[in-house]
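The chain is numbered in sequence order, starting from 1. Note that this is a predicted model, so its numbers are computed, not measured.
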Amino acid sequence: MTVLPLVFEAPRRTKPPRHLADLTRAEARAAVVELGQPAFRADQLARHFYAGVTDPEQMTDLPAASRAELTEALLPGLLTPVRHQSADGGRTRKTLWRLHDGALVESVLMRYPERATVCISSQAGCGMACPFCATGQSGLTRNLSAAEIIGQAVAAAAAMANGEIPGGPGRLSNVVFMGMGEPLANYARVRKTLDALLTPAPHGLGLAQRSVTVSTVGVVPAIRKLTEEGLNVTLAVSLHAPDDELRDELVPINTRWKVDEVLGAADDFARRTGRRYSIEYALIRDINDQPFRADLLGKLLAKRLAHVNLIPLNPTPGSKWDASPLPAQREFVARLRAAGVPTTVRDTRGSDIDGACGQLAAADQVDGVPSVAVPVPTVEDAVPLGAESDQD
């Protein structure tokens, strides 16, 4: 397998059209005034956008003669759905989106009895070059704009509100940044997205901070910046190995920031928020699933405010990387729990649509452009090891 370089600077591509969600409230109001409309029209447009209204004719509080001009100028369609795939009786829905420049990204909406979680992408492709990750091996196409990221969550919220997911109308309750890309490598736009997710309606989706999870492979300066921002979102660290020697191979960013540095930054985040962070660990057969590595991980995390979320790897066709067998998973869990480390195994919702893999799995190809999907629950969505294990 070709070893790819780490890429932090996204390739320069044509910018998406200007969108209200990329602007501050003051900038949006100024843009509306430039169009010859009163400033408060910007607030009306925001109300429609965050409610998932896309048809100008439904925006009846706007003057009929101005609807088309206002929406074209400030609410251009940035995400075009190419296809939906459903699983779990329709309660898991993966959507493939085409962006203005032809790039493809995916989001996955998962409905549970008491919550609904959407996994969103922050980049098209990924520059972190993890060898067992299909997206990492495809390279980085570009960063998404804030509006493109926010739009995925808005679409999920609208799907829930409109009753498109079995179970009747409902509310989007959780967002996880675990789709395509490394969120903290697109920090400014992800940070703006967080504001939109947390701001109450009509200028945002009004989610609770603890209901939003930001994942990272360990971009230490950005973790520290997120800590300084003072938000109480959930932090998830994709570790995948407890020792630097193996992690250098599995997660190449480890050659820049070692395990101790990554966990030190996560510890500082936990101290400030008072909330545990999640350690994401994809179990790979004969690579990182050995009992001694479970013991190393347990020793590393035993006194930390951390929770381990084990991921049964969903291998991609032709890949040498394979999932750990169930007995190995059970022993890994048992050893971590014996060390006093809270441990769960990720729910496998949507596995028949490549929708439950903990790392990115190749899913679709449209017009020659590869795309991947990663639906990943939050810590609260994770489930214990199978019932048979807990009953032994």
Side-chain angles (χ1 to χ4, degrees), residues 21-22 49-50 52 105-112 114-123 143-161 170-217 219 222-238 265-266 268-270 272-280 305-307 309 344 346-347 349 358 374-382:
D22 287 317
F49 171 69
Y50 286 107
V105 297
E106 291 184 7
S107 60
V108 183
L109 175 58
M110 296 160 284
R111 185 169 194 167
Y112 296 86
E114 297 179 354
R115 60 188 172 275
T117 297
V118 66
C119 174
I120 60 177
S121 298
S122 55
Q123 296 179 311
N143 286 328
L144 298 192
S145 68
E148 289 171 327
I149 306 172
I150 295 165
Q152 298 169 62
V154 168
M160 287 297 299
R171 181 178 180 272
L172 181 70
S173 57
N174 296 76
V175 173
V176 293
F177 287 80
M178 294 183 178
M180 293 177 68
E182 162 56 48
L184 296 189
N186 189 15
Y187 188 92
R189 295 172 182 87
V190 166
R191 179 66 181 84
K192 189 171 185 61
T193 301
L194 291 176
D195 284 339
L197 296 178
L198 303 176
T199 298
H203 296 287
L205 290 180
L207 298 179
Q209 292 191 40
R210 65 180 298 124
S211 298
V212 178
T213 298
V214 177
S215 173
T216 179
V217 293
V219 185
I223 295 174
R224 297 201 177 283
K225 188 173 182 180
L226 187 64
T227 302
E228 294 169 1
E229 295 277 357
L231 293 177
N232 291 332
V233 297
T234 298
L235 177 68
V237 177
S238 296
D268 288 343
F269 186 89
R272 190 198 58 74
T273 63
R275 301 185 58 231
R276 66 182 181 176
Y277 54 91
S278 175
I279 293 293
E280 310 294 296
L305 195 61
H307 167 280
N309 194 15
T344 51
R346 177 162 296 163
D347 189 356
R349 291 283 295 269
V374 189
V376 182
T378 63
V379 171
E380 290 77 10
D381 289 332

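- When all heavy atoms are compared, the tightest approach of T213 to A236 is CG2-CB, 3.9 Å.
- Separating the CG atom in L194 from the CG atom in L207 is a distance of 10.5 Å, to the nearest 0.5 Å.
- Checked against side chain to side chain contact (heavy atoms under 4.5 Å, CB included), E229 has the following partners two or more places apart in sequence or in another chain: Y187, R191, K225.
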Enumerate, atom names and distances included, each donor-acceptor pair closer than 3.5 Å involving a side-chain atom of residues 175-184, sequence neighbours excluded.
{"unit_1": "E182", "atom_1": "OE1", "unit_2": "V217", "atom_2": "N", "d": "2.8"}
{"unit_1": "E182", "atom_1": "OE2", "unit_2": "L184", "atom_2": "N", "d": "3.0"}
{"unit_1": "E182", "atom_1": "OE2", "unit_2": "T216", "atom_2": "OG1", "d": "2.9"}

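- In this structure, the side chain to side chain donor-acceptor pair (under 3.5 Å) partners of R224, at least two apart in sequence or on a different chain, are D268.
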Please tabulate, for side-chain N and O atoms in residues 149-161, each donor-acceptor pair with protein atoms closer than 3.5 Å (sequence neighbours left out).
{"unit_1": "Q152", "atom_1": "OE1", "unit_2": "S121", "atom_2": "N", "d": "2.9"}
{"unit_1": "Q152", "atom_1": "NE2", "unit_2": "S121", "atom_2": "O", "d": "2.9"}
{"unit_1": "Q152", "atom_1": "NE2", "unit_2": "E148", "atom_2": "O", "d": "3.3"}

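- The structure places CD of Q123 at 7.5 Å from CG of L144, a figure rounded to the nearest 0.5 Å.
- In this structure, T344 contributes its side chain and N309 its backbone to no donor-acceptor pair below 3.5 Å.
- Separating the CG atom in L197 from the CG atom in L231 is a distance of 10.5 Å, to the nearest 0.5 Å.
- Rounding to the nearest 0.5 angstrom, the gap separating the OG1 atom in T117 from the CG atom in L172 is 7.5 Å.
- In this structure the side chain of R275 reaches within 4.5 angstrom of the side chain of T234, judged on heavy atoms.
- Because its NZ or CZ atom is both nearer than 6.0 Å to the ring centre of F269 and within 45° of the ring axis, R272 counts as a cation-pi partner of that residue.
- A salt bridge (Lys or Arg N to Asp or Glu O under 4.0 Å) check over residues 199-209, counting only residues at least two apart or in different chains, returns nothing.
- Checked by atom type and distance alone, the side chain of D22 pairs as donor or acceptor with a backbone atom of A147 at under 3.5 Å.
- Considering only residues two or more places apart in sequence or on other chains, F49 meets the ring-ring contact (aromatic ring centres under 6.0 Å, His included) condition with H19.
- Results of the side-chain contact (heavy atoms from CB on, under 4.5 Å) test with S122 over V190, T193, V105 single out V190 as the only residue that passes.
- Judged as a side chain to side chain donor-acceptor pair (under 3.5 Å), and not counting sequence neighbours, the contacts of R189 are N186.
- Here the closest non-hydrogen pair linking I279 and A306 is CG1-CB, 4.3 Å.
- Counting heavy atoms from C-beta on, the side chains of L205 and R171 never come closer than 4.5 Å.
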